[in-house]
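In what follows, chains are A, B, ... by sequence order, proteins preceding strands, each numbered from 1.
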Protein chains: 2
Amino acid sequence: MTEVAVVPTRRERTRAATVEEIKATARQLMREQSTTDVRFTDIARVMGMTPPALYRYFADRDELLTALIADAYTELGRAVATAREGREHDDVAGRWLAAATAYRDWARSEPQQFALILGLPVPGYVAPEDGPTHEAARDAMAQLADLFVRAAGLGRLGQPLLPEVSPEMAACAHEKHPELDGIVPPESFQAMIHAWATLHGITSLDAYGHFDWMGDEAREALFASTIRMAAMAAGIPTD
Amino acid sequence: MTEVAVVPTRRERTRAATVEEIKATARQLMREQSTTDVRFTDIARVMGMTPPALYRYFADRDELLTALIADAYTELGRAVATAREGREHDDVAGRWLAAATAYRDWARSEPQQFALILGLPVPGYVAPEDGPTHEAARDAMAQLADLFVRAAGLGRLGQPLLPEVSPEMAACAHEKHPELDGIVPPESFQAMIHAWATLHGITSLDAYGHFDWMGDEAREALFASTIRMAAMAAGIPTD
DNA sequence: CTAGAAGTGTTATGGCTCATAACAAACAGG
DNA sequence: CCTGTTTGTTATGAGCCATAACACTTCTAG
């Protein structure tokens, strides 16, 4: 346990680079072919290798898929967090808008990866024990929760449009997110999920092309109004 | 053009029955395997046939997929319409709740088919010219529009939470849905899509298992509150 | 410096699926 | 009963996943 390799060796670096190249190539092919179904043959061909060589880096397609899911989940989270951090700490309205827009933009630019983490589980893929699949949901919630905690701390978290909460939801909030106790009231916890659902709905429909029948300007305006409505309904200040 | 076969022959009937059995088997396998990726081999095995026989009924996998998508779109529409018709004509609140619940229940019971029409377009599948893929969106909109038209006719369509509408959205409403002119104002048209986005978001997250971390009662309560919030925000009476 | 070990790539192979071709059996109408 | 259509079969080829066996490169220890 002493003297662990703090500095990666040359081999470790080249191996890591190859792993990254494989994943990047897979993502590129996913974009080009508009599918989450990646063929080892194609990845290898693009990389100038033969298919079996990929098995030195990933045991099978599921393992590659798991890595891609983990990456996607991380990248979506990072995109949202970065956008959020770009606004002042006390600009709650701006932070909600920025985070929501980042969520939407990432989904539109990477619809396959978005589907990978928040769509129907991929053919044949089974999420590993406590895997990152559902963690995307948890993380999205955590980022939203941070927004609500901050708004509450600033005393700017308004009452949601729907102030009633069922005992089950209140209990769920207390059990699953005890860190919010005394800070974000149950009705705001519920409203938080409402806001996320609205954001996720408009994003999904948009990312999968179901608003293609309307013009770009109208679609942008629709998204903006949806986010604004969600904020109003959730008690997020809209300034 | 005279004397077209109004009565299907025996052959036509058996053929249609086989087509239905193929589709039903495909749907069954989709459910059992939790995937939209259906293998001709499996369908044939379940039906006691050999794989090439299926090509007598569908030219290739895409054609079967197209048929399944068309069916799914029809069935979702029918499920929602049936639920809606189960309520009195003037029970606007009940109709919204019933329609939304049917939408969610169908998605939960048939997540693969739901993903087929409203998720990421399937690997390799290209929607035929004016195909039914995006029609699911149009149909969902039409059913919602009917609800709003009826509410407006009864004078019970309230002002939405967000009364402002961008010129682009107003123009889009006028161009794409001229039948609503003078009946459903632009801000309510916009609110209608907001309501659908919220419904679709909560439904997608639920159907794909992203609320599995909460108990069944909490999930039900969450759905009910979300639908109620959406109604309030859209100006649908909640009684 | 030089084996031997570890790592990384290749070709060869088996099993599975999609899809077509060629052929056989069942069926409808004169 | 006979003939053409429909519907099924077996045979076959191409492509992909995955493994096995083998070859080359790179690191490391003596």
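In this model, a side-chain donor or acceptor of A:Arg56 finds a partner on the base of C:dG9 within 3.5 Å.
Side-chain contact check for B:Thr198 and B:His194: no donor-acceptor pair (N or O, by modelled atom type) lies under 3.5 Å.
Residue A:Thr18 places no side-chain N or O under 4.0 Å from the OP1 or OP2 atom of C:dT8. Dashed line: the shortest gap from a side-chain N or O of A:Arg15 to OP1 or OP2 of C:dT8 is under 4.0 Å. Contact annotation: A:Tyr57 reaches the phosphate of C:dG9 (side-chain N/O to OP1 or OP2, under 4.0 Å).
Atom CG of B:Asp37 is separated from atom C1' of D:dC17 by 14 Å (rounded to the nearest Å). Following rounding to the nearest Å, B:Arg39 (CZ) and D:dG15 (C1') show an atom-to-atom distance of 15 Å. In this structure, B:Glu12 atom CD and C:dA28 atom P are separated by 12 Å, rounded to whole Å. The distance between atom CG of B:Leu54 and atom P of C:dT17, rounded to the nearest whole Å, is 13 Å. Atom pair A:Arg13:CZ and D:dC27:C1' shows a separation of 13 Å (rounding to whole Å applied). Atom CD of B:Glu21 and atom C1' of D:dT7 are 14 Å apart (whole Å). Rounding to whole angstrom units, CG of residue A:Leu64 and P of D:dC17 are separated by 11 Å. Whole-Å rounding puts the B:Ile43 CD1 to C:dC16 P distance at 18 Å.
Note: B:His200 and B:Trp196 have tilted aromatic rings, judged against thresholds of 30 and 60 degrees for the angle between ring planes.
Contact annotation for A:Phe40: backbone-only contact, meaning every heavy-atom pair under 4.0 Å involves sugar-phosphate atoms and none involves a base. Nucleic acid contact for A:Pro52: base, since at least one base atom lies under 4.0 Å from a heavy atom of the residue.
Looking at the side chain of A:Thr50, the nearest of the listed nucleotides D:dC16, C:dT11, C:dA19 is C:dT11. Looking at the side chain of B:Thr41, the nearest of the listed nucleotides C:dT10, D:dA18, C:dT17 is C:dT17. Of all nucleotides listed (D:dC16, D:dG8, C:dC18), D:dG8 comes nearest to the side chain of B:Met49.
Between A:Cys172 and B:Met214, the shortest heavy-atom contact is SG-CB, 3.6 Å. Considering all non-hydrogen atoms of both residues, A:Thr36 and A:Gln112 come closest at CG2-O, 3.5 Å.
Nearest-nucleotide positions on DNA chain D place B:Pro51 closer to the 5' end than the other of B:Pro51 and A:Tyr55.
Here the side chain of B:Asp62 pairs no donor or acceptor atom with the backbone of B:Leu65 at under 3.5 angstrom.
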